Structures are given as structure tokens and as C-alpha cells.
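Starting from 1, each residue takes its place in the sequence as its number. On a predicted model such as this, the values are computed, not experimentally measured, just so you know.
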Amino acid sequence: MSDEDITLTAGDAEVTVQPGNGGRVGGLRIGGVELLRQGARFGCFPMVPWCGRIRDGRFLDGAEMRQMPLNAPPHAIHGTVRDHAWRTARTSTDEAVLTCELADPWPHPGLVTQIIALTEDALTLTMSVETYESSFPAQIGWHPWFNRNLGGEDVTLDFDPAWQEERGEDHLPTGNRLDPKPGPWDDCFGMPGGVEATLTWPGQLELKVTSREEWVVVYDEQREAVCVEPQTGPPNGLNTLPRLVTPLDPLEATTTWRWRRLGSF
């Protein structure tokens, strides 16, 4: 099927899905107001088969050390599938199913499937990684760029993590856990009960990001946007907390964004 942009609608919510641009959600409009930062690099892109940075682009794969391209020198960042066109497997008015084959530079064959499902008050993203051949470590995550401002006051972020991963000078977790510190952040947090974070644009909209996963990266060092990124492990997790995908045990994760209007929005 075509990799042209797909528009999903439910009530006055509208989502643009971009199979040809890394399988990303290119836009989310509520009552005509765009919540995601616009541009080819932004929206919300899937992070597979790893999330955040891999130190020096290297990870241990069984007994073999693998080297990924250093697309954020001196590290490799955010996986490979955002750089590939995805295939549109199925669409309806309010749902799209996309697939992407893992390919070079990733050393193992595998299939990534993403389901993007819209209702009048929520967007649910579900992703899986499966293999029918060799096993390999992998991660799943999403990298949304929420607009800091929707035409009123700047957004506020409320979440209550159990800990913050100490960030080294190389922007990777050191392995130490800290009491959460005030932002600005480019940091990973632990939420063992599942990710829950609320973005509030005062007087306009409240949006709650949830996931069963216990890791979330928050990035708000850019003026234009705030990123809240649920993921199945911390940055550099292929080395520090590997999750093996096997022919009998795929990796799956889900995140939901649920919103409600405030004031006259």
C-alpha cells in the first residue's frame, strides 16, 4: 500500500500519520489546534530497536560487539526505523497499522508493527518487535514533540517519578539513582508503577501521557517544545538493561495520550 500521509479522524480530533517519514505521527489537532511541533524531524517518531543514546554506538549482542553509526557523535541515538519508510498494512477512519522491516545497519532481521488508534479524546500507540530468526536485544519508545505554547500560557508538566537517573557528562545514565531534581531536563526517570505525566496548557487543554512501561525520558531544553518519551528501558539500555526479543517472545509496548478541554478551548 502507499506510503502517502494518512489522516485519521474521531470527533474533532485529527491525526496525520506519515509512513514515508519514519512511521511518525506528524500531527495531532484538537478542535483545529496543533499539539505537536511541526517539521520533518518532529511530530512523534518511534524509537526502535533502541531508545536514546548508545554509548559510542556499541553494544554487546551475545558474544559479539556491534557498532551502530554515530548519528549523534560520539553516540548512536534513537534507533533506525525513523530513517526508513514504513509500509501501510491497513487503515480505517480512525486507525492505521504500519510495519517496518529491521534492516542495515541493524544486524538482525525483524519486523516492527505500529498501531495508531484515535478516539474522540485519546490517541493510543502500540508497537511490537518480533523475529522469526536470531534473537537480539531491543527497546521500544516514542519521542513526541509537544508544542510548548498553543497560543496562551506555556505548558506545565506534572509527574512524580520514583527516581531520576544520574546523567553523566556524556548525557548517559551513570547507574546512580537520584531524588528527582527540577528541570530543565534531558533526563531519564523511573516510574515503577507505569509512566504517568500530565501536560497542562492553562485554560486550554490537559493531556495525560500514560504507559505500562516504567521508564520515561523528559526533554524540555528547547524553547519550542516539551518531549515526554515512554520507553521500555533507559538510554544505553542495550548495554545496561537488555531485553531479548526471541522467536517465542516478542517485545511490545503501548502509550496513550488522553486529553480534556479546559476553559473555552
*Check the pair T113 / T99 against side chain to side chain donor-acceptor pair (under 3.5 Å), numbers first and verdict last.*
CA-CA 4 Å; T113 301; T99 62; 5.9 Å; no
*Go through D121 and K208 one step at a time and tell me if the salt bridge (Lys or Arg N to Asp or Glu O under 4.0 Å) criterion holds.*
CA-CA 11 Å; D121 66 349; K208 184 169 292 188; over 6 Å; no
*Where do R29 and T16 land on the side chain to side chain donor-acceptor pair (under 3.5 Å) test, with the steps shown first?*
CA-CA 9 Å; R29 291 164 297 283; T16 301; 2.8 Å; yes
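Scanning for ring pair (Phe, Tyr, Trp, His ring centres under 6.0 Å) contacts around F146 gives W257, with sequence neighbours left out. A search for side chain to side chain contact (heavy atoms under 4.5 Å, CB included) contacts involving A253 returns I140, W142, E213, T232, not counting sequence neighbours. Contacts of E166 classified as side-chain hydrogen bond (donor to acceptor under 3.5 Å, both in side chains), with partners at least two apart in sequence or in another chain: T174, N176. Scored by the side chain to side chain contact (heavy atoms under 4.5 Å, CB included) test, D187 finds Q164, R167, W185, F189 as partners (sequence neighbours excluded). Residues passing the side-chain hydrogen bond (donor to acceptor under 3.5 Å, both in side chains) test with Q231, sequence neighbours excluded: none. Not counting sequence neighbours, the partners of T7 by the side chain to side chain contact (heavy atoms under 4.5 Å, CB included) test are T9, E14. With sequence neighbours excluded, no residue forms a side-chain hydrogen bond (donor to acceptor under 3.5 Å, both in side chains) with T240. R260 is linked by a side-chain hydrogen bond (donor to acceptor under 3.5 Å, both in side chains) to E206, counting only residues two or more places apart in sequence or in another chain.
Under the 4.5 angstrom side-chain criterion for Ile, Leu, Val, Met, Phe, Trp and Tyr, the cluster partners of W145 are F42, F45, M47, Y219. Chaining together hydrophobic side chains whose heavy atoms lie under 4.5 Å apart places L241 alongside W163, W215. M65 belongs to a hydrophobic cluster whose other members, connected by ILVMFWY side-chain contacts under 4.5 Å either directly or through intermediates, are L60.
Grouping the Ile, Leu, Val, Met, Phe, Trp and Tyr side chains by contacts below 4.5 angstrom, directly or via other members, places V195 with V226. Under the 4.5 Å side-chain heavy-atom criterion for ILVMFWY residues, no single connected hydrophobic cluster contains both I77 and V48.
Ion pair R87/E101 not flagged as a salt bridge, since none of the NZ, NE, NH1 or NH2 atoms sits closer than 4.0 Å to an Asp/Glu carboxylate oxygen.
Annotation for R261: atom CZ counts as buried by contact number, over 12 foreign heavy atoms lying within 6.0 Å.
Between the side chain of D186 and the backbone N or O of H171, no donor-acceptor pair lies under 3.5 Å. Remark: side-chain polar atoms of W106 are not paired, donor with acceptor, to backbone N or O of V81 under 3.5 angstrom.
Residues L172 and H75 are in side-chain contact: their nearest non-hydrogen atoms beyond the backbone lie under 4.5 Å apart. Proximity of L98 to V17: side-chain heavy atoms (C-beta onward) are separated by under 4.5 Å at one or more points.
Scanning both residues, G237 and Q139, for their nearest heavy atoms gives CA-NE2, 3.7 Å.
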Donor-acceptor pairs under 3.5 Å, side chain of residues 50-58 to any protein atom, not counting sequence neighbours: which ones?
{"from": "W50", "atom 1": "NE1", "to": "G52", "atom 2": "O", "distance (Å)": "3.3"}
{"from": "R55", "atom 1": "NE", "to": "D170", "atom 2": "OD2", "distance (Å)": "3.3"}
{"from": "R55", "atom 1": "NH2", "to": "D170", "atom 2": "OD2", "distance (Å)": "2.9"}

